[in-house]
Amino acid sequence: MNKRGIASTAIAVMLVLSMLLAACSKNSNSASQDPSASAEPSKAAESSSSSEAPEEVVTLRLLVVETGTSWNTYPNSAVAEEIAKKIGVKIEYVEADETKFNVLLAGGDLPDIVRAEPVKYGKQLIEGDLIIPMDDMLEEHGKDITANVPALVKYSREEWSEGKNQLFFLAPQVQAEPSQVYPALTIGPTIRWDYYKEIGAPEMHTPDEVLDVLEQIVAKHPQTEDGKKIYGVSMWQDWGLWPYIFPFTYHTTETTNNSDLMARTLGDTQYKNILTEEESTYWTAMDFYNKANRRGLLDPDALTMKHNDYLAKATSGQIVLGPATWAMGDFNSKYANEGKGYVVLPIGKRAWNGGVNPLGWTNKSYSISKTSKHPEKAMEFLNYIFSYEGSRTMFSGIEGVHWEMVDGKPVIKDETYELKKAGGEAWNQTGIALDPNLIGIGASVFDPVTQTPVDLFKTPEALAKGITQVEKDFSEYYGGLHPGDVLGKLIEAGKLVDSDTPNKSLTTEQLITEGKIGLPTIPEDLLKVEAQVKELAARQAAKMILAKTDEEFEKYKKEAIKSFKDAGVDKFTEFYQKAYADRRAEIGALPAQFNK
């Protein structure tokens, strides 16, 4: 998923919109079920597959505000070559952290395509004349976009154009309905399953119980087979406050959205500040990492390590527990079919599953730079990733190579399952789902022509057939056919909740209203406050995590809270909560409140 954005990705308050649609037609995430989308298959949806092969191939550079991406590692993957064949485009990533990204924005000479959060960077990009509107190119080069994601286009013009009513941004992973099928979890407490099962897979529901399990595992496995030290847990520091938010959603049920400072607990209709609320993800993280460090379970590089370094340590088997399967490097692809590997445990309160993204993963939104020498090609590429054919290719591979038509339905080939199970370099070279942020349509959206999800690995048959030995062992242990089946049974039994759970108590009218709310646009002066407070939160975190006693921890905690307040955190919170409450009141939604 997101990956960074998977949790602050789509606009959370929009997720309930599709539940109304699901009540009318439970058709697994079809984009055509959006209220403003066409209900019939359009000719535009077939435009990519019917186009002739391009005469030349151009390379488009794509600026992303993240590090550790995989696309450039496999520039000639099968999927990349198919895109070049279809539309004459090769993609080259330009990675940047926030500091480098801001330097590039100040310089003005940007790569062809920019991937960034409209609410955060839209004003600078648009008023700085750094990106161009796409409207004039839509008719000729964007027919799949207008046909398949019209609600996104409309919202983008109205909310992400600085009052110009033009289309500057398109967010990927648009999905207007929840999936009927429970997939394997990819975010959550991600543990070495073989180690966990070896100690009896003891039940654990809280962070303290997780630490007890990690201590047992590290005691039995202090080193890797090649002599490297094994740590219970680690993290990386080049994704802002990410390590202090999303790894603990399973316990707090909170997720942030367009600000890392403001989180909403599942079931609430108001946001709270994670730095000033005692039971928030941030303070849960502080307590967890401090205890892990004092018990010798925390990797000493955790407070300085970058994401790429974390991936390398995970690949070498030095980390017992991570925050997501995609964060564990190539370990699973190398060893999962040998019975060694990582799975996300369905523990705690909330599973990272469900929900919908009618506006996509907004913090990964795409725009075309004014300095691009190939704006039409950039538009054609964006159109391709928002087509059913393009999304299916990027999720599932190439027709005739990785899947084939059987009785009018696209079906994954047996060889592809084997390739995926084997993992490693051969699988990575397919390019399949190499970067979900680069796919316009959500995995469970149905192609209206074939009536199958664009991600062919998301059919019930594929979920059961395409699992690794580790996943098979995990599923059988918990009495399921595949990991998603285990999850579904737990949710249906009321032992876990997911993003769809709160929607079940809403009426049809309430669902429609919730879908119209949106999120506050943060003014420039408060964006500066936010940036300062986030920097303080990261710096103060290191002091608290390294505290040697409870008394020292409490001392640093009080100092941290004071520094946040001195920097204006309360002013930021007051604005955000009032702006969000006003938005809810203006459209007659349920009042903004905390339900616990």
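By convention here, the first residue in the shown sequence is residue 1.
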Exercise. Flag the pair Phe246 / Pro323 as yes when at least one side-chain heavy-atom distance between them is below 4.5 Å, and no otherwise.
Key: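 When only atoms from C-beta onward are counted, Pro323 and Phe246 do not touch, as no gap falls below 4.5 Å.
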Quiz item: Are side-chain heavy atoms of Arg115 and Val65 found at a separation under 4.5 Å?
Solution: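 The answer is no, as the side chains (C-beta and beyond) never meet within the 4.5 Å cut-off.
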Quiz item: Would Lys364 and Glu66 pass as an ion pair if we require N to O under 4.0 Å?
Solution: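 Yes, this pair counts.
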Quiz item: Is the shortest side-chain N to carboxylate O distance from Arg392 to Glu399 below 4.0 Å?
Solution: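 A salt bridge is absent here (no side-chain N lies under 4.0 Å from a carboxylate O).
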Practice problem: Scan side-chain atoms only and decide if Asp498 and Tyr182 contain a donor-acceptor pair under the 3.5 Å cut-off. | Solution: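 No.
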Quiz item: Looking only at side chains, do Asn428 and Tyr74 share a donor and an acceptor under 3.5 Å apart?
Solution: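 Distance-only check passes for Asn428 and Tyr74.
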Self-check item: Sequence neighbours excluded - ring-ring contact (aromatic ring centres under 6.0 Å, His included) pairs with any residue from residues 410-444
Solution: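 As it turns out, there is no ring-ring contact (aromatic ring centres under 6.0 Å, His included) pair with a partner in residues 410-444 once direct neighbours are skipped.
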Please enumerate all residues that pass side-chain hydrogen bond (donor to acceptor under 3.5 Å, both in side chains) together with [X], with sequence neighbours excluded.
| X | answer |
| --- | --- |
| Asp407 | none |
| Glu95 | Thr69 |
| His374 | none |
| Ser372 | Asp112 |

Quiz item: Does any pair with a residue in residues 120-134 pass side chain to side chain donor-acceptor pair (under 3.5 Å), and if so which ones, sequence neighbours excluded?
Solution: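 Output for this query lists Glu98-Lys120, Lys123-Glu127, Asp129-Lys370.
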Practice problem: Check the angle between the aromatic planes of Tyr93 and Trp71 and answer parallel, tilted or perpendicular using the 30° and 60° thresholds. | Solution: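 Rings of Tyr93 and Trp71: parallel, as their planes differ by under 30°.
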Quiz item: Taking the inter-plane angle between the rings of Trp236 and Trp239 on a 0 to 90° scale, is it parallel (under 30°), tilted (30 to 60°) or perpendicular (over 60°)?
Solution: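 The arrangement is perpendicular - the two ring planes meet at more than 60°.
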